[in-house]
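Both counts, for ligands and for their atoms, begin at 1 and track the order of listing.
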Amino acid sequence: MKDIFTAPFVEEMRNTTANMYRLGWDERNGGNISYLLDEKEVGEYLDLNHVIRTIPLGFDATAIIGKIFIVTGTGKYFKNVDTDPERNLGVVRIAADGQTAELLWGYSDGGKFTSEFPAHLMSHMARLSVDPANRVVMHCHPTYTLAMNYVHELDEKKFTHTLWEMCTECIVVFPDGIGVLPWMLCGTNSIGEATAEKMKEFRLVVWGMHGIYGAGKTMDETFGLIETVEKAAQIYMLTAHLPRINTIRDEQMKELAEYFGVHYRKDFLNL
Ligand code: 2HA
Ligand code: ZN
């Protein structure tokens, strides 16, 4: 059996959480990541027949029975994942009853997965239904994106359009746009269901006045989506109070999307 501390998926979780913390997106216990793993790969590092303990999920995950995830722990700080991954992360498998998670590794202080695990798993199910290659769901509190929530209408079309205007590459990076939810109570199944509903349509979902969710095939894709939104939101917050002299026009965004061959939300442009 190989050493789990050398597993690429553990390394990716360590690097990504450290990066997100360094960028100021994950203060205190803010943020969470779940990463769908390949059973064969996990089997090289862990005995798949050895369940440390079981943890109730609190909702029905029948659609993903047997799937294995590495997930950040509840109350844990991204700041600390790199130095103590076994305490701050866990590898869990959805049990045959679809109602419990089987802990295969981690949460070494008796902890459990993030309180946002319902939103994560429901989002995984929603993304997998439209993209079978989806692996990652990521949540964080990026500073400028959050700041923008207070001064910009929380409307999907308007929010997406404003961000597309802020950097030339935005419409190419997230042509599917951004779903927006109003402020809702976090940690609940209801916000999970609402997020998953949006995830059928979008890889990015803003939680009004809270943060953002991203989903993708790889850690890089998912991180890159949020990073691009955050960059655009930063440009917006640096310029929103100043007279606008230049802008990227809708015809230019259309030109970009067509040149790069992306399927974009035509209804989010005003043409
Ligand atoms: O886990 O970010 O939304 C901490 C959070 C909750
Ligand atoms: Zn949060």
Side-chain angles (χ1 to χ4, degrees), residues 13-14 16-36 55-59 61 69-92 101 103 106-127 136-150 154 159 178-199 202-216 219 222-223 225-227 229-230 233:
M13 291 293 279
R14 291 166 75 165
T16 308
T17 48
N19 229 340
M20 293 168 79
Y21 173 70
R22 184 181 56 78
L23 289 164
W25 303 352
D26 298 277
E27 73 290 344
R28 200 173 179 272
N29 64 323
N32 23 76
I33 305 178
S34 59
Y35 186 6
L36 174 57
I55 310 169
L57 283 174
F59 67 100
F69 297 87
I70 186 163
V71 195
T72 49
T74 184
K76 298 296 190 272
Y77 294 18
F78 272 28
K79 177 172 77 70
N80 299 334
V81 173
D82 190 39
T83 46
D84 195 352
E86 192 169 12
R87 177 194 294 254
N88 295 289
L89 302 174
V91 173
V92 294
L103 181 64
Y107 306 142
S108 61
D109 60 350
K112 60 181 249 184
F113 38 73
T114 167
S115 58
E116 303 297 357
F117 206 33
H120 278 252
L121 285 190
M122 290 179 202
S123 294
H124 275 286
M125 294 189 248
R127 284 311 303 167
V136 179
V137 172
M138 191 181 279
H139 165 64
C140 58
H141 308 156
T143 312
Y144 291 94
T145 305
L146 198 43
M148 188 173 161
N149 275 229
Y150 291 87
L154 292 176
F159 203 89
I178 304 178
V180 177
L181 290 178
W183 185 92
M184 289 177 77
L185 186 61
C186 54
T188 61
N189 287 351
S190 326
I191 200 167
E193 284 154 14
T195 309
E197 199 49 44
K198 293 288 182 198
M199 282 279 180
F202 302 101
R203 288 172 299 158
L204 288 158
V205 180
V206 161
W207 277 9
M209 290 158 286
H210 179 138
I212 193 163
Y213 265 76
M219 204 64 87
T222 316
F223 181 87
L225 281 170
I226 295 177
E227 186 181 29
V229 166
E230 174 64 354

Side chains of Tyr107 and Val92 in contact at under 4.5 Å (non-hydrogen atoms): yes
Note, Val136 side chain near His124 side chain (heavy atom, < 4.5 Å): no
Beyond-backbone contact of Phe113 with His120, side-chain heavy atoms, under 4.5 angstrom: no
Aromatic ring proximity, centroids under 6.0 angstrom, Tyr144 and Trp25: no
Pair Glu86, Ser108: side-chain N/O donor-acceptor within cut-off below 3.5 Å: no
Mutual orientation of the aromatic rings belonging to His139 and Tyr213 [parallel < 30°, tilted 30-60°, perpendicular > 60°]: parallel
Whether His141 has an N, O or S atom under 2.8 Å from the Zn ion (ligand 2): yes
The Zn ion (ligand 2) to nearest N/O/S of His210 below 2.8 Å: yes
Presence of salt bridge, Asp109 and Lys76, under 4.0 angstrom: yes
Just list the N/O pairs, ligand 1 to protein, that are under 3.5 Å apart, with the distance for each.
from: ligand 1; atom 1: 1 (O); to: Asn29; atom 2: O; distance (Å): 3.4
from: ligand 1; atom 1: 1 (O); to: Asn32; atom 2: ND2; distance (Å): 3.0
from: ligand 1; atom 1: 2 (O); to: Gly31; atom 2: N; distance (Å): 2.9
from: ligand 1; atom 1: 2 (O); to: His139; atom 2: NE2; distance (Å): 3.3
from: ligand 1; atom 1: 2 (O); to: His141; atom 2: NE2; distance (Å): 3.0
from: ligand 1; atom 1: 3 (O); to: Glu116; atom 2: OE2; distance (Å): 2.7
from: ligand 1; atom 1: 3 (O); to: His139; atom 2: NE2; distance (Å): 3.3
from: ligand 1; atom 1: 3 (O); to: His210; atom 2: NE2; distance (Å): 3.0

For the Zn ion (ligand 2): the N/O/S atom of His139 at shortest distance: NE2
